[in-house]
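Reminder, nothing fancy here: chain letters follow the sequence lines and each chain counts from 1. What you see is a predicted model; the values in this text were computed from it and never measured.
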Number of protein chains: 2
Amino acid sequence: MTAPPHETRPRNTGRALPDTQQGMRRRNLARVLHSVSAEGPLSRAGVAARIGLTRAAVSTLVDELIRAGLLEELGPERPARVGRPGSALTVSDRGPAGIGAEIGVDHLAVCAVDLRGAVRARAVRHGGNRGRAPGPVLEDLTALIHRVVAEAERAELWPAGLAVAVPGLVAGDGRTVVRAPNLDWLDTDLGGLLPADWPLTVDNEANFGALAELWLVDGTPRDFLHVSAEIGIGAAIVVDGDLLRGARGFAGELGHVPVRPDGPACACGGRGCLERYAGEEAVSRAAGVEPRGDTVRLLQERAEGGDEGVRAALRDAGTALGIALTGAVNLLDPETVVLGGALAGLSPWLLPSLEAELTGRTTGPACPVTVSGLGSEGPLLGAAHSVVRAVLDDPASVAGRS
Amino acid sequence: MTAPPHETRPRNTGRALPDTQQGMRRRNLARVLHSVSAEGPLSRAGVAARIGLTRAAVSTLVDELIRAGLLEELGPERPARVGRPGSALTVSDRGPAGIGAEIGVDHLAVCAVDLRGAVRARAVRHGGNRGRAPGPVLEDLTALIHRVVAEAERAELWPAGLAVAVPGLVAGDGRTVVRAPNLDWLDTDLGGLLPADWPLTVDNEANFGALAELWLVDGTPRDFLHVSAEIGIGAAIVVDGDLLRGARGFAGELGHVPVRPDGPACACGGRGCLERYAGEEAVSRAAGVEPRGDTVRLLQERAEGGDEGVRAALRDAGTALGIALTGAVNLLDPETVVLGGALAGLSPWLLPSLEAELTGRTTGPACPVTVSGLGSEGPLLGAAHSVVRAVLDDPASVAGRS
DNA sequence: TTAATTTGTCAACGGCCATGACGAATAGGC
DNA sequence: GCCTATTCGTCATGGCCGTTGACAAATTAA
């Protein structure tokens, strides 16, 4: 039988698994693992109370997760209250690992994160990649990956997947880089150029950065806007704890939101786009700084040093950002706006004018703007954690391996 | 046991029901009903083939749905191919009905829609409501509701819920109107002023209009932007077949997206908001028309009559809309933009300049802009159908009643 | 009339969680 | 030191639910 012509599944099921008993089992495995992962060491009884299953059911689920190497038994708990003490369970630190990789404009980085969320291995290679062909860059990256994987394997971890953060737009297939302006890459399928030993995901670094914020920073709401400026100015939109990708996967192009409709022409075909006011090139020109490899650091140093020209340029960029974000906040009603990537370091000089625009243009309480605490680590960590989350969300998918 | 401190459910489950056997049954009931609803009369075997369950399982599910009055047996099918002919099943037209209501600035409307999607009863009351207190308006509305319900009941339908579309912002509780500028209502809980005989939902008319577009117009994609102008200018954002509501439920405020950051001051506190260029008041002023009850119709007549001043005003409004939508499209990457509400009637004069901005400011294929086919019926139909969809999505929720 | 095919149903079965009972392991009271 | 209350983990049993396999019914094709 072929696929039905219409959508015949009810809305609520979403991407849920088939509504079969195995699907139910699968989801319950995930709930048990999630519960232990989120709330530290826990006894079987503790898990049962939290997720609403019986102790007996949790026992069989836990057995399965232990056999799969995802949970570990720590032995008897310190008895805090009367009654037989439970046997503490933890997520294993010798099970699957998420391998995250980042292709930056002037560096490559790879790391391995275990199920507990700890970084267990990492490798970095400094050096500009602007204009280098994909082949050599990915050869270098593959070398780093193999080094990190080897180190992870010495720690009895095994890679459950590879996620790569790139500074550019990624097609819906999750493998092809459509356009990476700062690398000069066009329509490059990374799948053929990277080791095929593990499931591969490729995504925009802004998206991974936003997910890192969501997963790793306490207090991050489930609806927020994560703005970063590495490639132009990108926004990752998180709705109910999930990335909003858009119909073609190109959502979040904040850089080309019109700020002054009659402003200077932009490469995108429009006029007065945000990038012409707050993009790296525009800001450095306004600041009288010659663009180079790490312009951002230079700007930051000059601003810290009190260079009034640089500060004024950043103030103006903040104003433009505030105008564009006013539109975005009106449309999306996020709980917060988070400045990440290069913007985080420059925030002391961007924020005042940005917030002035945002509050001045809104009635009622303005949307709070915060600065990412992860700094430039976000995309790499987000990539590695995305693999870990995939395992936590469906442990059965890796139960067969080891 | 109290609620767990963290979110311990894996992401994929979304709003899914508890992962129990009854939950599975519930979802499968929904899948069967959905399947019959979407693909016309179908035999049990046909349903089984489509949703991937066995004929035996479908049989018991169908029995339950028939007992609940949601499905009907039509008798033997016309045998098209060899083999015993199946017994055709249809969604019942004597089961639950969705009651939709609309509070417009100058009319009230109520209708009843059966499970098949047919409008089975309706009532309208013309007359302006601008500035009337909520009490009298809702009394009038209640009278219309009772009339429609009585008519539906004569057709052996029973109301499964009441959904009310209002021209204003609605709080997250789905009952309270936070602000309805054109009615002059503030923080009004409609729950206490409407019949409490059925589950009540209150939502923005733009949201219901967008849902109507999604559910009733063939070819509507699952990711689109629905722009309407009744209260200011609102956009309903549909992502993967679901409304994007935002953290506070206020998403879609397109009217206050900055179009010219140094433009005229707006009541919202900002400057140069879209509403100052394309809002009803701004357009009628630019056109030299005195605002009154049904300004939109007046503008439409004048434009049709060839009034160059009105046409120029609408062109300018289209330009402003195009600028604001460029920002929205860049952020959200929708598959299409749909003009609904009052904008649909004015589209002949808005579209050219709107599309010129949109295509001129984008590289690659521009996001297509279409005009709603539902006209002013959208919100009312969307409201009624939202109740019907709720039944289709979880038939067990109404199985007890009748 | 016979063979082939498809439908709807039934009985038996297997997977999965709930129920209830049990031994094990602890704290507190005497 | 001993007994009771409490909690933990496990086991056997049962109920719910979809699957499997078989069968009668109803149709077409030969």
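Side-chain atoms of B/Arg31 never come within 3.5 Å of backbone atoms of B/Arg27 as a donor-acceptor pair (strictly under, hydrogens ignored). In this structure, A/His385 contributes its side chain and A/Leu381 its backbone to a donor-acceptor pair below 3.5 Å. Side-chain N or O atoms of B/Asp223 include one that pairs as donor or acceptor with a backbone N or O of B/Asp240 at under 3.5 Å.
Rounded to whole Å, the distance from CG on B/Leu42 to P on C/dT6 is 16 Å. Counting to the nearest Å, the P atom of D/dT28 and the CD atom of B/Glu77 are 13 Å from each other. In this structure, CZ of A/Arg27 is placed 11 Å from P of C/dC17, rounded to the nearest angstrom. Taking atom CG of residue B/Leu53 and atom P of nucleotide D/dC17, one finds them 13 Å apart after rounding to whole Å.
If one axis is set at each end of the helix from C/dT1-D/dA30 to C/dC30-D/dG1 from five pairs, those axes are 10° apart, to 10°.
Atom CD1 of B/Ile66 is separated from atom CG of B/Leu61 by 11.5 Å, given to the nearest 0.5 angstrom.
The pair B/Glu73-B/Arg44 meets the salt-bridge criterion, since a charged nitrogen lies less than 4.0 angstrom from a carboxylate oxygen.
Residues A/Ala57 and A/Val82 both approach DNA chain C. Their nearest nucleotides, taken by heavy-atom distance, put A/Ala57 toward the 5′ side.
The shortest distance between side-chain heavy atoms of A/Leu89 and A/Leu42 does not fall below 4.5 Å. For the pair A/Val388/A/Trp215, no side-chain contact is recorded, criterion being any heavy-atom separation below 4.5 Å from C-beta on.
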Open item on the list: How would you summarise protein contacts on nucleotides 7-16 of chain C per nucleotide, using B for base, S for sugar-phosphate only and - for none, with heavy-atom distances below 4.0 Å?
Closed with: BBBB---BBB

Return a table of donor-acceptor pairs under 3.5 angstrom between the side chains of residues 77-84 of chain A and protein atoms on other chains or two or more places apart.
none

